[in-house]
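Keep in mind that what you see is a predicted model, and the values were worked out from it rather than measured. Quick note: numbers below take in every heavy atom, side chains included, and nothing from hydrogens, waters or symmetry partners. A note on names: the letters A, B, ... follow the listed sequences, proteins ahead of strands, and every chain is numbered from 1.
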Protein chains: 2
Amino acid sequence: MTQLNTVFQALGDATRRRMLRELSEGEKTVGELAAPFEMSLAAASKHIKVLERAGLIRREVRWRSRVCHLNPGPLASAQQWLKQYERFWTGRLDVLERLLREEDAAKTPDREGND
Amino acid sequence: MTQLNTVFQALGDATRRRMLRELSEGEKTVGELAAPFEMSLAAASKHIKVLERAGLIRREVRWRSRVCHLNPGPLASAQQWLKQYERFWTGRLDVLERLLREEDAAKTPDREGND
DNA sequence: GTTACATTCAACTTTATGGTTGAATCAGAA
DNA sequence: TTCTGATTCAACCATAAAGTTGAATGTAAC
């Protein structure tokens, strides 16, 4: 439902991540996208459909093939979501936050709804 | 296999993303994590296991409960992966890259292995 | 119109996911 | 030791995902 669900699910497969990387270097037809993988064309086509459903790529009918190209918007949303957590791995805010949390846990070991 | 697989898969579910957000505000027991959801404790426990398998959280046996806390490393890896694509949505590099790609496509419309 | 090519659809199998319930575990209090 | 509370395990169900094969579609070339 949430766009984030379909986007993260789509990214959770190495085949599809590889396809995105290929597309980051330029447009490719379905056949070209499928070529590096040892699976049937139908299987690759399904992966492409998953990427499309997640909004990560667009398919365009051109000459005799379908040409796919990257649509980066949803990747940006995913990164946006991860950005929330950046403070946990970058620099001193991390340490500061952890200290505050430990202090808090020490002060209120068994309560939950205090000011 | 790849850590990225399990991480992105884990993030592809709203329940688990919510759990991570809760943990970003401090440690929580399994019961506390499960409370906001209308599902059995066993189901929540499975979600927590998925997060743990992805390395996103650590479970520690303390007093009579299991206390969970965020382990941000894998989130950083995910963001790292997404960073590859940042140029597609930020600023002028985007436009520049697209121009180069179109130029390239126009020059070599039907070849694939040229220098 | 027929042939050939690129892609998708349909049907099917196997394995994974997300949920349920009830029993099992295991630490701490009585 | 027995009771209680917190969590997990086991077995099960329904649905989805990832792959296969073979037929169907649609456009280009002949």
Side-chain angles (χ1 to χ4, degrees), chain A residues 1-20 22-23 27-69 105 109-112, chain B residues 1-20 22-23 27-69 105 109-112:
Chain A
M1 278 286 93
T2 318
Q3 181 83 329
L4 277 179
N5 275 13
T6 56
V7 171
F8 279 128
Q9 280 164 22
L11 296 180
D13 181 287
T15 299
R16 293 191 288 261
R17 286 198 305 278
R18 169 99 183 264
M19 285 177 166
L20 287 178
E22 301 282 342
L23 289 178
E27 300 177 334
K28 290 225 167 14
T29 67
V30 170
E32 287 169 340
L33 270 181
F37 303 103
E38 287 178 355
M39 65 177 70
S40 67
L41 209 56
S45 182
K46 281 190 191 177
H47 279 298
I48 291 172
K49 194 176 294 176
V50 171
L51 290 170
E52 198 176 26
R53 212 186 48 196
L56 287 163
I57 72 172
R58 293 281 159 75
R59 226 178 319 195
E60 190 181 336
V61 183
R62 198 187 301 174
W63 35 299
R64 67 163 55 190
S65 307
R66 276 75 166 176
V67 176
C68 305
H69 61 97
D110 55 355
R111 289 146 70 204
E112 59 210 325
Chain B
M1 284 279 99
T2 319
Q3 180 83 330
L4 277 178
N5 274 13
T6 56
V7 172
F8 279 128
Q9 279 163 22
L11 296 181
D13 182 286
T15 299
R16 293 191 288 261
R17 286 199 304 278
R18 169 96 183 264
M19 284 177 165
L20 289 178
E22 301 282 341
L23 288 178
E27 299 176 335
K28 290 225 168 10
T29 66
V30 171
E32 287 168 341
L33 270 181
F37 303 102
E38 288 179 354
M39 65 177 71
S40 69
L41 210 57
S45 182
K46 281 191 190 175
H47 280 297
I48 292 171
K49 193 177 293 176
V50 171
L51 290 169
E52 196 175 28
R53 209 186 48 196
L56 288 163
I57 72 173
R58 293 281 160 73
R59 225 178 321 194
E60 190 181 335
V61 184
R62 197 186 304 173
W63 38 299
R64 67 162 57 191
S65 305
R66 275 75 164 178
V67 175
C68 305
H69 60 96
D110 55 354
R111 288 147 70 205
E112 61 210 324

Exercise for review: Sequence neighbours left out, what passes side-chain hydrogen bond (donor to acceptor under 3.5 Å, both in side chains) with B:Glu22? Give chain and number order.
Suggested key: B:Arg18
Review point. To the nearest angstrom, how far is A:Glu60 atom CD from C:dT7 atom C1'?
Key: 16 Å
Exercise for review: Quick one: closest heavy-atom pair of B:Thr15 and B:Asp13, and the distance?
Suggested key: N-OD1, 2.8 Å
**Study point:** Value in whole Å for how far the P atom of C:dT8 lies from CG of A:Leu33
**Key:** 10 Å
Check your understanding: Hey, what do you get for CD (B:Glu60) to CZ (B:Arg66), rounding to the nearest 0.5 Å?
Key -> 12.0 Å
Check your understanding: Given axes from five pairs at either end, by how many degrees does the helix from C:dG1-D:dC30 to C:dA30-D:dT1 bend, rounded to 10°?
Key -> 10°
**Study point:** Any donor-acceptor N/O pair, B:Gln9 side chain to A:Gly12 backbone, under 3.5 Å
**Key:** yes
Practice item. Let me have a per-nucleotide readout for nucleotides 14-28 of chain C, 5' to 3', with B, S or -, counting only protein heavy atoms under 4.0 Å. Key: ---SSBBB-------
Point to revise | Set of side-chain hydrogen bond (donor to acceptor under 3.5 Å, both in side chains) partners for B:Arg17, sequence neighbours left out | key: A:Asn5
Exercise for review: With sequence neighbours left out, write down each residue that passes side-chain hydrogen bond (donor to acceptor under 3.5 Å, both in side chains) with B:Arg58, or none if nothing qualifies.
Suggested key: none
Point to revise | Separation of atom NZ in A:Lys49 from atom P in D:dA16, rounded to whole Å | key: 15 Å
What side-chain donor-acceptor pairs closer than 3.5 Å can you find for residues 33-57 of chain B, not counting sequence neighbours?
| residue | atom | partner | partner atom | Å |
| --- | --- | --- | --- | --- |
| B:Ser40 | OG | B:Ala43 | N | 3.1 |
| B:His47 | ND1 | B:Arg16 | NH1 | 3.1 |
| B:Glu52 | OE1 | B:Arg59 | NE | 3.2 |
| B:Glu52 | OE1 | B:Arg59 | NH2 | 2.4 |

Review point. Does a nitrogen or oxygen in the side chain of B:Ser45 sit under 4.0 Å from OP1 or OP2 of D:dT8?
Key: yes
Exercise for review: Find the distance B:Ile48:CD1 to D:dA6:P and express it as a whole number of Å.
Suggested key: 14 Å
